[in-house]
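For reference, the structure is listed below as C-alpha coordinates.
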Amino acid sequence: MSDDRFRPFETLLDEGAALTILRAATDGADDGELFLERRRSESLVLDDGRIRSASYDASEGFGLRAVRGEVSGYAHSTRISEASLRRAAQTARLAVANGGGTMAPPPPGTNARLYADLDPVSDTAFAVKIDTLREIDAFARALDPRVVQVSATLAASLQEVEILRPEGGHLRDSRPMARVNVSVIVEEGGRRESGGAGGGGRFALSGLLEAGHWQGVAREALRIALVNLAAEAAPAGVMDVALGAGWPGILLHEAVGHGLEGDFNRKKTSAFAGLMGKRVAAPGVTVVDDGTIPDRRGSLSFDDEGTPSGRNVLIEDGILVGYMQDRQNARLMGVAPTGNGRRESFAHIPMPRMTNTIMEGGDADPASIVADVRDGIYAVGFGGGQVDITNGKFVFSCTEAYRVKNGRVGAPVKGATLIGDGPATMQKIRAIGNDMAMDPGIGNCGKAGQWVPVGVGQPTLLIGGLTVGGSAA
(Lines give C-alpha, C1' and ligand atoms only; values in the text may rest on other atoms or scores of the structure.)
Protein backbone atom coordinates (compact mmCIF):
# COMPACT_ATOMS: atom_id res chain seq x y z
CA MET A 1 0.00 0.00 0.00
CA SER A 2 1.29 3.47 -0.84
CA ASP A 3 2.19 6.09 1.77
CA ASP A 4 -0.64 8.33 0.54
CA ARG A 5 -2.93 7.35 3.36
CA PHE A 6 -5.97 9.20 4.64
CA ARG A 7 -4.82 11.07 7.74
CA PRO A 8 -7.26 13.99 8.12
CA PHE A 9 -6.04 14.95 11.60
CA GLU A 10 -2.50 15.30 10.28
CA THR A 11 -3.27 17.20 7.08
CA LEU A 12 -6.70 18.86 7.30
CA LEU A 13 -7.86 19.23 10.91
CA ASP A 14 -6.43 19.72 14.37
CA GLU A 15 -7.73 16.79 16.39
CA GLY A 16 -8.01 18.80 19.59
CA ALA A 17 -10.09 21.50 17.89
CA ALA A 18 -12.27 18.88 16.21
CA LEU A 19 -12.89 17.16 19.54
CA THR A 20 -13.86 20.46 21.16
CA ILE A 21 -16.39 21.14 18.37
CA LEU A 22 -17.79 17.60 18.58
CA ARG A 23 -18.20 17.82 22.35
CA ALA A 24 -20.02 21.13 22.05
CA ALA A 25 -22.35 19.65 19.41
CA THR A 26 -23.15 16.61 21.57
CA ASP A 27 -23.34 18.32 24.97
CA GLY A 28 -26.56 17.03 26.56
CA ALA A 29 -26.98 14.41 23.82
CA ASP A 30 -27.28 10.64 24.18
CA ASP A 31 -24.71 9.85 21.52
CA GLY A 32 -22.84 11.15 18.51
CA GLU A 33 -19.63 10.97 16.54
CA LEU A 34 -17.53 12.52 13.81
CA PHE A 35 -17.15 10.16 10.84
CA LEU A 36 -14.49 10.99 8.26
CA GLU A 37 -14.01 9.08 5.03
CA ARG A 38 -11.98 8.93 1.85
CA ARG A 39 -13.05 6.52 -0.90
CA ARG A 40 -11.40 5.67 -4.20
CA SER A 41 -12.85 3.24 -6.72
CA GLU A 42 -12.12 2.02 -10.23
CA SER A 43 -14.23 -0.01 -12.65
CA LEU A 44 -13.36 -1.36 -16.08
CA VAL A 45 -15.93 -2.99 -18.36
CA LEU A 46 -15.17 -4.87 -21.57
CA ASP A 47 -18.20 -5.64 -23.72
CA ASP A 48 -18.16 -7.47 -27.04
CA GLY A 49 -14.41 -7.13 -27.50
CA ARG A 50 -14.17 -3.43 -26.65
CA ILE A 51 -13.59 -1.43 -23.50
CA ARG A 52 -17.04 0.03 -22.95
CA SER A 53 -16.21 2.06 -19.85
CA ALA A 54 -13.29 2.90 -17.62
CA SER A 55 -14.15 4.94 -14.56
CA TYR A 56 -12.25 6.25 -11.56
CA ASP A 57 -13.97 8.02 -8.68
CA ALA A 58 -12.59 9.68 -5.59
CA SER A 59 -14.43 11.38 -2.75
CA GLU A 60 -13.81 12.48 0.80
CA GLY A 61 -15.74 14.24 3.49
CA PHE A 62 -17.17 14.02 6.98
CA GLY A 63 -20.48 13.54 8.74
CA LEU A 64 -21.21 14.83 12.23
CA ARG A 65 -24.07 13.38 14.26
CA ALA A 66 -25.76 14.29 17.53
CA VAL A 67 -28.45 11.94 18.90
CA ARG A 68 -31.09 12.75 21.49
CA GLY A 69 -33.77 10.11 22.12
CA GLU A 70 -35.24 9.02 18.79
CA VAL A 71 -34.01 12.15 16.98
CA SER A 72 -30.71 12.39 15.12
CA GLY A 73 -29.17 15.61 13.90
CA TYR A 74 -26.80 14.99 11.00
CA ALA A 75 -24.75 17.25 8.79
CA HIS A 76 -22.06 16.39 6.26
CA SER A 77 -19.64 18.13 3.95
CA THR A 78 -17.13 17.30 1.22
CA ARG A 79 -14.83 19.97 2.64
CA ILE A 80 -12.87 18.75 5.64
CA SER A 81 -12.01 21.96 7.49
CA GLU A 82 -12.58 23.51 10.90
CA ALA A 83 -15.00 26.07 9.41
CA SER A 84 -17.09 23.34 7.77
CA LEU A 85 -17.05 21.34 10.96
CA ARG A 86 -18.35 24.29 12.98
CA ARG A 87 -21.23 24.83 10.56
CA ALA A 88 -22.09 21.13 10.65
CA ALA A 89 -22.05 21.17 14.45
CA GLN A 90 -24.62 23.98 14.51
CA THR A 91 -26.98 21.92 12.35
CA ALA A 92 -26.49 18.62 14.23
CA ARG A 93 -26.94 20.45 17.53
CA LEU A 94 -30.58 21.20 16.65
CA ALA A 95 -31.49 17.60 17.51
CA VAL A 96 -30.21 18.02 21.06
CA ALA A 97 -32.37 21.07 21.78
CA ASN A 98 -32.05 21.89 25.49
CA GLY A 99 -30.12 18.72 26.23
CA GLY A 100 -30.85 16.55 29.22
CA GLY A 101 -29.50 13.37 27.69
CA THR A 102 -26.93 11.02 29.15
CA MET A 103 -24.06 10.11 26.84
CA ALA A 104 -24.04 6.39 26.08
CA PRO A 105 -20.92 4.44 27.04
CA PRO A 106 -18.29 4.32 24.31
CA PRO A 107 -17.91 1.19 22.21
CA PRO A 108 -15.39 -1.36 23.49
CA GLY A 109 -11.97 -1.42 21.87
CA THR A 110 -10.78 -4.06 19.45
CA ASN A 111 -7.48 -5.19 17.96
CA ALA A 112 -9.17 -7.30 15.28
CA ARG A 113 -8.04 -6.93 11.68
CA LEU A 114 -10.32 -8.94 9.38
CA TYR A 115 -8.65 -7.93 6.12
CA ALA A 116 -5.22 -6.85 4.96
CA ASP A 117 -4.04 -3.24 4.87
CA LEU A 118 -3.74 -2.93 1.09
CA ASP A 119 -4.92 -0.89 -1.88
CA PRO A 120 -6.68 -3.00 -4.53
CA VAL A 121 -7.20 0.07 -6.73
CA SER A 122 -3.48 0.47 -7.38
CA ASP A 123 -2.04 -3.00 -6.73
CA THR A 124 -2.13 -3.89 -10.44
CA ALA A 125 -0.96 -1.84 -13.41
CA PHE A 126 -3.70 -0.40 -15.61
CA ALA A 127 -2.26 -2.10 -18.70
CA VAL A 128 -2.41 -5.48 -16.96
CA LYS A 129 -6.10 -4.93 -16.19
CA ILE A 130 -6.87 -4.13 -19.82
CA ASP A 131 -4.88 -7.11 -21.08
CA THR A 132 -6.67 -9.42 -18.61
CA LEU A 133 -10.09 -8.26 -19.80
CA ARG A 134 -9.09 -9.03 -23.38
CA GLU A 135 -7.75 -12.44 -22.35
CA ILE A 136 -11.07 -13.20 -20.62
CA ASP A 137 -12.96 -12.26 -23.77
CA ALA A 138 -10.80 -14.46 -26.01
CA PHE A 139 -10.86 -17.38 -23.57
CA ALA A 140 -14.65 -17.36 -23.14
CA ARG A 141 -15.24 -17.22 -26.90
CA ALA A 142 -12.88 -20.14 -27.46
CA LEU A 143 -14.71 -22.32 -24.92
CA ASP A 144 -17.77 -22.90 -27.13
CA PRO A 145 -18.70 -21.85 -30.68
CA ARG A 146 -22.16 -20.86 -29.44
CA VAL A 147 -20.73 -17.92 -27.47
CA VAL A 148 -21.72 -14.75 -29.34
CA GLN A 149 -21.02 -12.09 -26.74
CA VAL A 150 -18.81 -11.69 -23.67
CA SER A 151 -18.81 -9.02 -20.99
CA ALA A 152 -16.19 -8.81 -18.25
CA THR A 153 -15.90 -6.38 -15.36
CA LEU A 154 -13.05 -5.61 -12.97
CA ALA A 155 -13.84 -3.44 -9.96
CA ALA A 156 -11.77 -2.33 -6.98
CA SER A 157 -12.24 0.19 -4.19
CA LEU A 158 -10.62 1.38 -0.99
CA GLN A 159 -12.62 3.02 1.79
CA GLU A 160 -10.57 4.69 4.53
CA VAL A 161 -12.46 5.85 7.63
CA GLU A 162 -11.69 7.59 10.89
CA ILE A 163 -14.18 7.95 13.74
CA LEU A 164 -13.78 10.48 16.54
CA ARG A 165 -16.08 10.12 19.54
CA PRO A 166 -17.02 12.71 22.21
CA GLU A 167 -15.15 10.88 24.99
CA GLY A 168 -11.99 11.13 22.87
CA GLY A 169 -11.97 7.68 21.30
CA HIS A 170 -10.30 7.62 17.87
CA LEU A 171 -10.65 4.68 15.49
CA ARG A 172 -9.13 4.13 12.04
CA ASP A 173 -9.86 1.49 9.41
CA SER A 174 -8.84 0.79 5.81
CA ARG A 175 -11.39 -1.34 3.93
CA PRO A 176 -10.39 -2.88 0.59
CA MET A 177 -12.76 -4.46 -1.93
CA ALA A 178 -12.18 -6.23 -5.26
CA ARG A 179 -14.39 -8.11 -7.70
CA VAL A 180 -14.30 -9.82 -11.11
CA ASN A 181 -17.43 -10.76 -13.07
CA VAL A 182 -17.96 -12.45 -16.41
CA SER A 183 -21.17 -12.86 -18.39
CA VAL A 184 -21.72 -14.59 -21.72
CA ILE A 185 -24.51 -14.84 -24.26
CA VAL A 186 -24.90 -18.05 -26.24
CA GLU A 187 -27.00 -18.69 -29.31
CA GLU A 188 -28.34 -21.87 -30.86
CA GLY A 189 -31.19 -22.33 -33.32
CA GLY A 190 -32.10 -18.65 -33.12
CA ARG A 191 -32.47 -18.74 -29.33
CA ARG A 192 -30.21 -16.67 -27.11
CA GLU A 193 -29.58 -17.09 -23.39
CA SER A 194 -27.16 -15.57 -20.93
CA GLY A 195 -25.19 -16.65 -17.89
CA GLY A 196 -23.00 -14.83 -15.41
CA ALA A 197 -20.56 -15.62 -12.62
CA GLY A 198 -17.97 -13.93 -10.48
CA GLY A 199 -17.39 -12.41 -7.09
CA GLY A 200 -14.76 -11.07 -4.78
CA GLY A 201 -14.17 -9.76 -1.30
CA ARG A 202 -11.93 -7.64 0.90
CA PHE A 203 -8.60 -8.53 -0.67
CA ALA A 204 -6.28 -7.59 -3.51
CA LEU A 205 -7.52 -7.41 -7.09
CA SER A 206 -4.29 -9.03 -8.31
CA GLY A 207 -5.28 -12.48 -7.07
CA LEU A 208 -8.56 -12.33 -8.98
CA LEU A 209 -6.65 -11.51 -12.18
CA GLU A 210 -4.69 -14.76 -12.11
CA ALA A 211 -5.70 -17.05 -14.96
CA GLY A 212 -6.49 -19.89 -12.58
CA HIS A 213 -9.25 -17.76 -11.08
CA TRP A 214 -10.89 -15.94 -13.98
CA GLN A 215 -10.86 -18.99 -16.25
CA GLY A 216 -13.01 -20.79 -13.69
CA VAL A 217 -15.35 -17.79 -13.56
CA ALA A 218 -15.68 -17.77 -17.36
CA ARG A 219 -16.40 -21.51 -17.44
CA GLU A 220 -19.10 -21.11 -14.79
CA ALA A 221 -20.74 -18.26 -16.72
CA LEU A 222 -20.80 -20.42 -19.83
CA ARG A 223 -22.20 -23.40 -17.92
CA ILE A 224 -25.12 -21.32 -16.63
CA ALA A 225 -25.80 -19.88 -20.08
CA LEU A 226 -25.92 -23.38 -21.61
CA VAL A 227 -28.22 -24.56 -18.83
CA ASN A 228 -30.59 -21.70 -19.67
CA LEU A 229 -30.33 -22.55 -23.35
CA ALA A 230 -31.72 -26.02 -22.63
CA ALA A 231 -34.31 -24.82 -20.12
CA GLU A 232 -38.03 -25.55 -20.37
CA ALA A 233 -40.89 -23.44 -19.08
CA ALA A 234 -41.18 -23.62 -15.30
CA PRO A 235 -44.20 -25.28 -13.71
CA ALA A 236 -46.62 -23.40 -11.49
CA GLY A 237 -48.27 -24.42 -8.25
CA VAL A 238 -47.60 -25.26 -4.62
CA MET A 239 -44.74 -27.76 -4.43
CA ASP A 240 -41.65 -28.78 -2.51
CA VAL A 241 -38.55 -26.71 -3.21
CA ALA A 242 -34.93 -27.67 -2.57
CA LEU A 243 -32.59 -24.69 -2.31
CA GLY A 244 -28.91 -25.05 -3.09
CA ALA A 245 -26.11 -24.00 -0.76
CA GLY A 246 -24.44 -20.58 -0.86
CA TRP A 247 -25.97 -17.76 -2.89
CA PRO A 248 -29.61 -18.94 -2.42
CA GLY A 249 -29.11 -17.52 1.09
CA ILE A 250 -30.12 -14.21 -0.53
CA LEU A 251 -33.71 -15.36 0.06
CA LEU A 252 -32.90 -15.67 3.78
CA HIS A 253 -31.27 -12.23 3.74
CA GLU A 254 -34.25 -10.51 2.16
CA ALA A 255 -37.24 -12.43 3.50
CA VAL A 256 -35.96 -12.87 7.07
CA GLY A 257 -32.84 -10.78 7.67
CA HIS A 258 -34.34 -7.35 7.13
CA GLY A 259 -37.17 -8.25 9.48
CA LEU A 260 -34.61 -8.88 12.23
CA GLU A 261 -33.03 -5.42 12.07
CA GLY A 262 -33.53 -3.48 15.28
CA ASP A 263 -35.21 -0.34 13.96
CA PHE A 264 -38.05 -2.23 12.28
CA ASN A 265 -38.73 -4.13 15.49
CA ARG A 266 -38.52 -1.08 17.76
CA LYS A 267 -41.08 0.62 15.51
CA LYS A 268 -43.10 -2.62 15.33
CA THR A 269 -43.15 -2.59 11.52
CA SER A 270 -41.51 -6.02 11.19
CA ALA A 271 -43.32 -9.32 10.92
CA PHE A 272 -41.00 -10.49 13.76
CA ALA A 273 -41.83 -7.65 16.17
CA GLY A 274 -42.86 -8.84 19.63
CA LEU A 275 -41.79 -12.44 18.98
CA MET A 276 -38.59 -12.52 21.05
CA GLY A 277 -38.31 -15.92 22.70
CA LYS A 278 -40.97 -17.41 20.44
CA ARG A 279 -40.63 -20.08 17.78
CA VAL A 280 -40.28 -18.42 14.38
CA ALA A 281 -38.65 -21.26 12.42
CA ALA A 282 -38.54 -25.02 12.26
CA PRO A 283 -36.44 -26.90 14.86
CA GLY A 284 -32.79 -27.03 13.84
CA VAL A 285 -32.82 -23.64 12.11
CA THR A 286 -30.10 -21.34 13.45
CA VAL A 287 -29.50 -17.98 11.78
CA VAL A 288 -26.56 -15.72 12.58
CA ASP A 289 -25.26 -12.41 11.34
CA ASP A 290 -21.48 -12.58 11.44
CA GLY A 291 -19.36 -9.57 10.55
CA THR A 292 -16.13 -11.23 11.71
CA ILE A 293 -15.49 -13.67 8.83
CA PRO A 294 -12.10 -12.71 7.33
CA ASP A 295 -12.08 -11.08 3.88
CA ARG A 296 -15.85 -11.33 3.25
CA ARG A 297 -17.77 -8.48 1.58
CA GLY A 298 -19.94 -7.86 4.61
CA SER A 299 -17.18 -8.09 7.22
CA LEU A 300 -15.93 -5.08 9.19
CA SER A 301 -13.30 -4.80 11.89
CA PHE A 302 -15.72 -2.35 13.50
CA ASP A 303 -18.95 -0.84 12.23
CA ASP A 304 -19.52 2.75 11.14
CA GLU A 305 -20.15 3.86 14.72
CA GLY A 306 -17.02 2.22 16.12
CA THR A 307 -18.62 -0.89 17.64
CA PRO A 308 -16.56 -4.05 16.98
CA SER A 309 -18.25 -6.49 14.63
CA GLY A 310 -19.58 -9.67 16.18
CA ARG A 311 -21.15 -13.04 15.57
CA ASN A 312 -24.75 -12.38 16.53
CA VAL A 313 -27.17 -15.27 16.88
CA LEU A 314 -30.62 -14.17 15.70
CA ILE A 315 -32.57 -17.45 15.58
CA GLU A 316 -31.39 -20.45 17.60
CA ASP A 317 -32.91 -23.86 16.97
CA GLY A 318 -35.98 -22.09 15.59
CA ILE A 319 -36.38 -19.62 18.50
CA LEU A 320 -35.98 -15.86 17.99
CA VAL A 321 -33.19 -14.77 20.35
CA GLY A 322 -31.81 -11.50 18.98
CA TYR A 323 -32.01 -8.55 16.63
CA MET A 324 -29.28 -6.62 14.81
CA GLN A 325 -28.64 -3.27 16.49
CA ASP A 326 -26.89 0.00 15.97
CA ARG A 327 -26.16 2.20 19.00
CA GLN A 328 -29.31 4.34 18.88
CA ASN A 329 -31.81 1.48 18.56
CA ALA A 330 -29.93 -0.62 21.09
CA ARG A 331 -30.16 2.17 23.65
CA LEU A 332 -33.85 2.77 22.97
CA MET A 333 -34.59 -0.96 23.26
CA GLY A 334 -32.46 -1.43 26.37
CA VAL A 335 -30.00 -3.90 24.82
CA ALA A 336 -26.36 -3.87 23.75
CA PRO A 337 -25.21 -2.73 20.28
CA THR A 338 -24.27 -5.64 18.05
CA GLY A 339 -21.85 -3.96 15.61
CA ASN A 340 -24.49 -3.54 12.88
CA GLY A 341 -24.49 0.26 12.63
CA ARG A 342 -23.66 0.83 8.95
CA ARG A 343 -23.81 3.70 6.47
CA GLU A 344 -23.15 3.96 2.74
CA SER A 345 -20.77 6.91 3.10
CA PHE A 346 -20.00 10.04 5.13
CA ALA A 347 -23.10 11.61 3.54
CA HIS A 348 -25.41 9.06 5.17
CA ILE A 349 -26.62 8.45 8.69
CA PRO A 350 -25.95 5.00 10.22
CA MET A 351 -28.75 2.48 10.78
CA PRO A 352 -29.05 -1.22 11.67
CA ARG A 353 -27.84 -3.26 8.69
CA MET A 354 -26.80 -6.83 8.01
CA THR A 355 -23.17 -7.92 7.47
CA ASN A 356 -22.89 -11.63 6.53
CA THR A 357 -26.22 -13.35 7.23
CA ILE A 358 -26.03 -17.12 7.42
CA MET A 359 -28.12 -20.16 8.21
CA GLU A 360 -25.92 -22.73 9.90
CA GLY A 361 -25.63 -26.25 8.54
CA GLY A 362 -27.46 -29.31 9.76
CA ASP A 363 -26.67 -33.01 9.45
CA ALA A 364 -28.56 -34.06 6.30
CA ASP A 365 -26.78 -35.25 3.17
CA PRO A 366 -27.50 -32.75 0.35
CA ALA A 367 -28.11 -35.52 -2.18
CA SER A 368 -30.68 -37.12 0.10
CA ILE A 369 -32.46 -33.78 0.48
CA VAL A 370 -32.96 -33.49 -3.28
CA ALA A 371 -33.90 -37.17 -3.46
CA ASP A 372 -36.74 -36.49 -1.00
CA VAL A 373 -38.44 -34.06 -3.40
CA ARG A 374 -41.41 -35.90 -4.88
CA ASP A 375 -42.69 -33.17 -7.15
CA GLY A 376 -41.01 -29.78 -7.15
CA ILE A 377 -37.94 -27.84 -8.19
CA TYR A 378 -34.31 -27.55 -7.16
CA ALA A 379 -33.24 -23.87 -7.19
CA VAL A 380 -29.53 -23.07 -7.06
CA GLY A 381 -29.35 -19.53 -8.47
CA PHE A 382 -31.37 -16.37 -7.82
CA GLY A 383 -31.73 -12.96 -9.40
CA GLY A 384 -33.90 -10.07 -8.31
CA GLY A 385 -36.70 -10.13 -5.78
CA GLN A 386 -39.14 -8.05 -3.78
CA VAL A 387 -39.93 -8.24 -0.07
CA ASP A 388 -42.40 -6.47 2.22
CA ILE A 389 -40.80 -6.54 5.67
CA THR A 390 -44.09 -5.70 7.43
CA ASN A 391 -45.43 -9.16 6.62
CA GLY A 392 -42.39 -10.92 5.16
CA LYS A 393 -44.04 -11.60 1.80
CA PHE A 394 -41.51 -12.15 -1.00
CA VAL A 395 -41.23 -12.88 -4.71
CA PHE A 396 -37.87 -14.11 -6.05
CA SER A 397 -36.85 -15.06 -9.57
CA CYS A 398 -34.63 -18.11 -10.15
CA THR A 399 -31.70 -17.83 -12.53
CA GLU A 400 -30.88 -21.54 -12.35
CA ALA A 401 -33.41 -24.18 -11.36
CA TYR A 402 -34.33 -27.76 -12.25
CA ARG A 403 -37.49 -29.83 -12.28
CA VAL A 404 -37.47 -32.67 -9.76
CA LYS A 405 -39.86 -35.64 -9.83
CA ASN A 406 -39.64 -38.67 -7.55
CA GLY A 407 -36.25 -37.54 -6.33
CA ARG A 408 -34.68 -37.33 -9.78
CA VAL A 409 -33.30 -34.03 -11.07
CA GLY A 410 -34.64 -33.43 -14.56
CA ALA A 411 -34.52 -30.65 -17.12
CA PRO A 412 -33.60 -27.09 -16.21
CA VAL A 413 -36.54 -24.69 -16.03
CA LYS A 414 -36.79 -21.06 -16.99
CA GLY A 415 -39.01 -18.33 -15.56
CA ALA A 416 -39.49 -19.86 -12.12
CA THR A 417 -40.37 -17.54 -9.24
CA LEU A 418 -40.67 -18.42 -5.56
CA ILE A 419 -43.56 -16.78 -3.72
CA GLY A 420 -44.24 -16.84 0.00
CA ASP A 421 -43.57 -15.06 3.26
CA GLY A 422 -40.46 -15.30 5.40
CA PRO A 423 -41.93 -16.35 8.76
CA ALA A 424 -44.13 -19.07 7.23
CA THR A 425 -41.34 -20.32 4.97
CA MET A 426 -38.98 -20.67 7.93
CA GLN A 427 -41.55 -22.92 9.61
CA LYS A 428 -41.74 -25.13 6.48
CA ILE A 429 -38.06 -26.11 6.43
CA ARG A 430 -38.02 -29.92 6.55
CA ALA A 431 -34.32 -30.72 6.08
CA ILE A 432 -31.02 -28.84 6.56
CA GLY A 433 -27.90 -29.98 4.74
CA ASN A 434 -24.40 -30.39 6.13
CA ASP A 435 -22.90 -28.32 3.29
CA MET A 436 -23.19 -24.72 4.49
CA ALA A 437 -21.44 -22.44 2.01
CA MET A 438 -20.99 -18.73 1.51
CA ASP A 439 -21.89 -16.85 -1.64
CA PRO A 440 -19.02 -16.04 -4.06
CA GLY A 441 -18.88 -12.40 -2.94
CA ILE A 442 -21.50 -10.58 -4.97
CA GLY A 443 -24.00 -9.22 -2.44
CA ASN A 444 -25.18 -5.62 -2.15
CA CYS A 445 -28.01 -4.58 0.15
CA GLY A 446 -30.32 -1.59 -0.19
CA LYS A 447 -32.22 0.06 2.64
CA ALA A 448 -33.68 3.58 2.88
CA GLY A 449 -31.74 4.60 -0.23
CA GLN A 450 -28.38 3.38 1.12
CA TRP A 451 -26.33 0.53 -0.38
CA VAL A 452 -23.71 -1.49 1.50
CA PRO A 453 -21.81 -4.70 0.64
CA VAL A 454 -23.05 -7.86 2.37
CA GLY A 455 -22.57 -11.61 2.39
CA VAL A 456 -25.02 -14.48 2.58
CA GLY A 457 -24.73 -18.21 3.16
CA GLN A 458 -26.73 -21.34 3.81
CA PRO A 459 -26.70 -25.12 3.36
CA THR A 460 -28.93 -27.09 1.02
CA LEU A 461 -32.52 -26.85 2.31
CA LEU A 462 -35.81 -28.61 1.72
CA ILE A 463 -38.90 -26.40 2.05
CA GLY A 464 -42.29 -28.01 1.91
CA GLY A 465 -45.27 -26.43 0.16
CA LEU A 466 -43.82 -23.25 -1.38
CA THR A 467 -45.67 -21.46 -4.18
CA VAL A 468 -43.81 -21.61 -7.48
CA GLY A 469 -44.77 -19.26 -10.27
CA GLY A 470 -44.17 -20.43 -13.85
CA SER A 471 -45.63 -20.50 -17.33
CA ALA A 472 -45.85 -24.24 -18.11
CA ALA A 473 -49.31 -25.50 -18.90
Side-chain angles (χ1 to χ4, degrees), residues 1-2 4-6 36-63 76-80 115-140 149-161 173-185 194 196-210 213-214 217-218 221 295-298 304 342-348 383-384 440-447 449-455:
M1 184 171 178
S2 71
D4 180 28
R5 305 191 183 205
F6 183 53
L36 304 106
E37 175 194 36
R38 182 175 72 174
R39 187 190 300 263
R40 293 180 290 116
S41 62
E42 182 182 61
S43 176
L44 303 175
V45 181
L46 179 142
D47 189 26
D48 207 18
R50 298 180 179 181
I51 299 298
R52 188 179 70 191
S53 67
S55 64
Y56 176 87
D57 296 301
S59 64
E60 69 177 35
F62 73 84
H76 61 88
S77 174
T78 58
R79 183 184 294 274
I80 302 176
Y115 26 81
D117 188 10
L118 52 84
D119 183 358
V121 178
S122 59
D123 71 357
T124 303
F126 186 80
V128 173
K129 298 172 185 177
I130 297 297
D131 289 343
T132 302
L133 286 171
R134 290 175 174 152
E135 290 175 12
I136 293 173
D137 179 84
F139 179 81
Q149 188 169 337
V150 178
S151 296
T153 302
L154 312 180
S157 67
L158 179 65
Q159 180 196 29
E160 299 168 273
V161 304
D173 198 17
S174 180
R175 303 167 176 174
M177 190 75 77
R179 180 170 170 173
V180 170
N181 285 82
V182 179
S183 63
V184 301
I185 296 177
S194 63
R202 294 195 181 279
F203 37 68
L205 178 64
S206 56
L208 300 180
L209 300 188
E210 295 178 358
H213 173 78
W214 60 254
V217 173
D295 300 329
R296 298 300 308 184
R297 279 181 65 82
D304 294 327
R342 304 189 64 187
R343 65 182 100 198
E344 180 178 325
S345 75
F346 67 87
H348 300 84
I442 58 178
N444 285 299
C445 174
K447 177 180 177 181
Q450 295 191 42
W451 290 88
V452 295
V454 296

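Keep in mind it's a predicted model, so treat the numbers as computed, not measured. Quick note: residue numbers are just sequence positions, from 1. Just so it is clear, the values below take in all heavy atoms, side chains as well, and ignore hydrogens, waters and symmetry mates.
Here the closest non-hydrogen pair linking Glu344 and Arg39 is O-NH2, 2.7 Å. Arg38 and Arg5 make their closest contact through NH2-C, 3.5 Å (heavy atoms, listed as atom of the first residue, atom of the second, distance). Annotation for Ser157 and Val121: closest pair CA-CG2, 3.6 Å, computed over non-hydrogen atoms. Here the closest heavy-atom approach between residue Ala197 and residue Ala221 is recorded as CB-N, 3.8 Å. Taking both residues in full, the closest heavy atoms of Ala140 and Ala218 are given as CB-CB, 4.4 Å, listed atom of the first, atom of the second, then distance. Arg296 approaches Pro440 most closely through the heavy-atom pair NH2-C, 4.3 Å.
Using a 4.5 Å heavy-atom threshold, the side chains of Ser174 and Leu158 count as touching. Within the 4.5 Å cutoff, the side chain of Val161 has no heavy atoms near those of the Phe346 side chain. Residues Lys129 and Leu205 form a side-chain contact, since some pair of their non-hydrogen atoms from C-beta on lies under 4.5 Å apart. Contact check for Ile80 versus Phe6: side-chain heavy atoms found under the 4.5 Å cut-off. Ser59 has its side chain out of reach of Thr78: every pair of non-hydrogen atoms, C-beta onward, lies at least 4.5 Å apart. For the pair Pro176 and Phe203, the minimum side-chain heavy-atom distance is 4.5 Å or more.
One distance of note links NZ of Lys447 with CZ of Arg342; it measures 11.5 Å at 0.5 Å rounding. Once rounded to the nearest 0.5 Å, the distance linking NE2 of His213 with OG of Ser206 reads 11.5 Å. We find the OG-CG distance between Ser55 and Leu44 to be 7.5 Å, quoted to the nearest 0.5 Å. Between Leu154 atom CG and Trp214 atom CH2 the span is 11.0 Å, to the nearest 0.5 Å. Of the inter-residue distances, the one linking Leu36 atom CG with Glu160 atom CD reads 12.0 Å to the nearest 0.5 angstrom. Expressed to the nearest 0.5 Å, how far CE of Met177 lies from CZ of Arg297 amounts to 4.5 Å.
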Using side-chain contact (heavy atoms from CB on, under 4.5 Å), reason through Leu46 and Ile136 one step at a time and then give a plain yes or no.
CA-CA 9 Å; Leu46 179 142; Ile136 293 173; over 6 Å; no
Let's go through Ser43 and Thr153 carefully: what are the C-alpha distance in whole Å and the side-chain angles of both, what is the deciding distance for side-chain contact (heavy atoms from CB on, under 4.5 Å) to 0.1 Å, and is it a yes or a no?
CA-CA 7 Å; Ser43 176; Thr153 302; 4.1 Å; yes
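In summary, of the residues considered (Ile130, Thr132, Asp131), a side chain to side chain contact (heavy atoms under 4.5 Å, CB included) with Val128 occurs for Thr132 alone.
In this model, a donor atom of one side chain and an acceptor atom of the other lie less than 3.5 Å apart for Asp47 and Gln149.
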